[in-house]
Amino acid sequence: MRTEKDTLGKVRLPDRVYFGVQTKRAVDNFPVSGYKLQRCFIKAQGIVKLAAARANGSLGLLDRKALKSIEKAALEVISGMHDDHFVVDVYQAGAGTSQNMNANEVIANRAIEIMGGRKGDYSGIHPNDHINMAQSTNDTIPTSMYISALEAVNGELIPALKILQNALVRKSREFSRVVKSGRTHIQDAVPMSLGQEFGGYAEAVRNDIVRIQKAAVSLLSLPIGGSAVGTGINVHPRFKTYVIREIRELTGIKFRCSRNLFEGIQNVNPALELSASLRGVSVTLIKIANDIRLLSSGPRTGFAEIKLPAVQPGSSIMPGKVNPVMAEMLNMVCFQVIGNDTAITYAAQASQLELNVMMPVIAFNLLFSLEILSNAVEIFAEKCVRGITADKRRCKEFAERSLALATALNPIIGYSSAAEISKEAYRTGKTVRQIAVEKGILTEQEARRILDPMRLTRRTK
């Protein structure tokens, strides 16, 4: 055991841990959920602390020996070596002060150890004076949130959505000659191809990719260098330039300093904007998942126009039942993301005066949404969409029996007369084609041509 002290007094700690007294107080004060901020956030904290140390070193504010030990410790945090020592609950002190101090203490104690000292002896390297030099919780936490979120967007979510988009495009081409009945209001509508339906899904996903990428641009502006409220108190005038340069080098992303540091610390609107775009793609994905569930319903009492890959038994009591489990999983994930967005919205509007103190819960929910969406979308594409097959016979049967085929008669006999044919077909159980021929409106040859469902799927120019 070792003893550390802060402004409130002394605390005993196991000597094996790298976190210090302020982290220990937070652990004791906030045993709320057991949830910690994600690995990608901890990595981003390591990036911020390393960039700050290098910036301060370049400005002559850190001696070379201390800088080298801090660099090594921060690189270990970035690599994930010390994740077990980031122990503060998500629901913690406002703004993330405990989270920031957790990073400061872990890096400080590891750097002390690298220099041959003993953990807790902060005479050479201090968590506040050296690791947190030229920084505040108020600028490092939003900076870490934006770095981690943008890396998750670029490295995980966008690639996953592109996998799904490509899978839907391939199905659109595969099903281009599968004619079926369209449906509006969940009622029969004019014919279309199954490929056109899946092409609509693919385009919807592509549009959401563009929206997410546009929303993510706001994450490029980092408030680092603003310190406590945006004035840059205790920050070297050139620190902002140096630290942004280092963050760019470490991430390979063209981050920039916020145009107005006061606004950058007062608000977390980039997180709000990205979360809104995740809510948007969730709505799209829910629609696609629900459509696939409907189109595959049955297999004998539903639409049964498509067949999904059987990945597991669907019932503990009904033998042979197979359910659309991948679509159901995707729905649940999207519902969660929409709920996360609600939490983020409430937390974002809680900004008061110079600071938003709800940043930890915003960061956690945003990164949680990015993680589960990325995973769910890729799984859905791989284990569901890619294996979908069409029941061409059933699709064609529905297309030919659709009462909405009468729409093609509008230019020939007018809307009202076409409606009468549709009603008679419904009343007698015959097809629109049969009624049109029986009434002498069309010859058999004309009926085959004019009421050919596949011909009616072709767009007029």
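Quick note: residue numbers are just sequence positions, from 1. The figures that follow rest on heavy atoms only: side chains count, while hydrogens, waters and symmetry mates do not.
- H85 contributes a side-chain N or O that, together with a main-chain N or O of Y18, makes up a donor-acceptor pair within less than 3.5 Å.
- Q135 and K49 share a donor-acceptor pair across their side chains, judged by distance under 3.5 Å alone.
- A donor-acceptor pair is defined here as one N or O able to donate and one able to accept, closer than 3.5 Å; no such pair exists between the side chain of S402 and the backbone of S181.
- Remark: D6 pairs with R25 by the side chain to side chain donor-acceptor pair (under 3.5 Å) rule, at least two apart or across chains.
- Ion pair R118/E113 not flagged as a salt bridge, since none of the NZ, NE, NH1 or NH2 atoms sits closer than 4.0 Å to an Asp/Glu carboxylate oxygen.
- More than 12 heavy-atom neighbours from other residues, nucleotides or ligands sit within 6.0 angstrom of CG on N260.
- Around the CZ atom of R173, the shell of radius 6.0 Å holds no more than 12 heavy atoms that belong to other residues, nucleotides or ligands.
- Looking at K214 and E273, no side-chain N of the basic residue comes within less than 4.0 Å of a carboxylate O on the acidic one, giving no salt bridge.
- Under the ring-ring contact (aromatic ring centres under 6.0 Å, His included) criterion, Y122 pairs with H126, not counting sequence neighbours.
- There is a side-chain donor-acceptor pair under 3.5 Å between S221 and R256.
- A salt bridge is absent between D89 and K36: the closest approach of a Lys/Arg side-chain nitrogen to an acidic carboxylate oxygen does not fall below 4.0 angstrom.
- Side chains of N109 and E105: no donor on one and acceptor on the other come within 3.5 Å.
- Residues N267 and N356 have side chains that never bring a donor and an acceptor to within less than 3.5 angstrom of each other.
- Taken to the nearest 0.5 Å, the CD1 atom of I163 stands 11.0 Å off from the CD1 atom of I379.
- Judged by the 6.0 Å and 45° rule, K180 forms no cation-pi pair with F398.
- Not counting sequence neighbours, Q349 has no partner by the side chain to side chain donor-acceptor pair (under 3.5 Å) test.
- Counted within 6.0 Å of CD1 on I253, heavy atoms from surrounding residues, nucleotides or ligands total more than 12; the atom is thus considered enclosed.
- Atom CZ of F335 sits in a crowded spot, with more than 12 heavy atoms from other residues, nucleotides or ligands closer than 6.0 Å.
- Under the 4.0 Å criterion applied to side-chain N and carboxylate O atoms, K72 and E76 are assigned as salt-bridge partners.
- Ion pairing between E382 and R386 holds under the 4.0 Å rule for side-chain N and carboxylate O.
- Within a 6.0 Å radius of CZ in R170, other residues, nucleotides and ligands contribute more than 12 heavy atoms.
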Working for side-chain hydrogen bond (donor to acceptor under 3.5 Å, both in side chains), residues E203 and Q165:
CA-CA 8 Å; E203 182 66 10; Q165 181 198 358; 5.7 Å; no

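- For T342 (side chain) and I338 (main-chain N/O), a donor-acceptor pair under 3.5 Å exists by modelled atom type.
- Partners of Y91 under the ring-ring contact (aromatic ring centres under 6.0 Å, His included) rule, at least two apart in sequence or in another chain, do not exist in this structure.
- Applying the ring-ring contact (aromatic ring centres under 6.0 Å, His included) test to residues at least two apart or on different chains, none of the pairs has a partner in residues 237-282.
- The one candidate from V17, V11, D121 that meets the side-chain contact (heavy atoms from CB on, under 4.5 Å) condition with R2 is V17.
- Shown are L366, I147, L367; of these, the side-chain contact (heavy atoms from CB on, under 4.5 Å) with F41 is made only by L367.
- Residues passing the side chain to side chain donor-acceptor pair (under 3.5 Å) test with K307, sequence neighbours excluded: none.
- A cation-pi contact, defined as under 6.0 Å to the ring centre and within 45° of the axis, links R183 to F303.
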Determine whether N132 and N100 satisfy the following criterion, side-chain hydrogen bond (donor to acceptor under 3.5 Å, both in side chains), listing intermediate values before the conclusion.
CA-CA 9 Å; N132 201 58; N100 184 39; 3.1 Å; yes

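- Side chain to side chain, N290 and N331 meet the donor-acceptor criterion of an N or O pair below 3.5 Å.
- Within a 6.0 Å radius of CG in L8, other residues, nucleotides and ligands contribute more than 12 heavy atoms.
- With 3.5 Å as the limit, one finds no donor-acceptor pair spanning the side chains of E4 and Q22.
- Within 6.0 Å of NZ in K240 there are 12 or fewer heavy atoms belonging to other residues, nucleotides or ligands.
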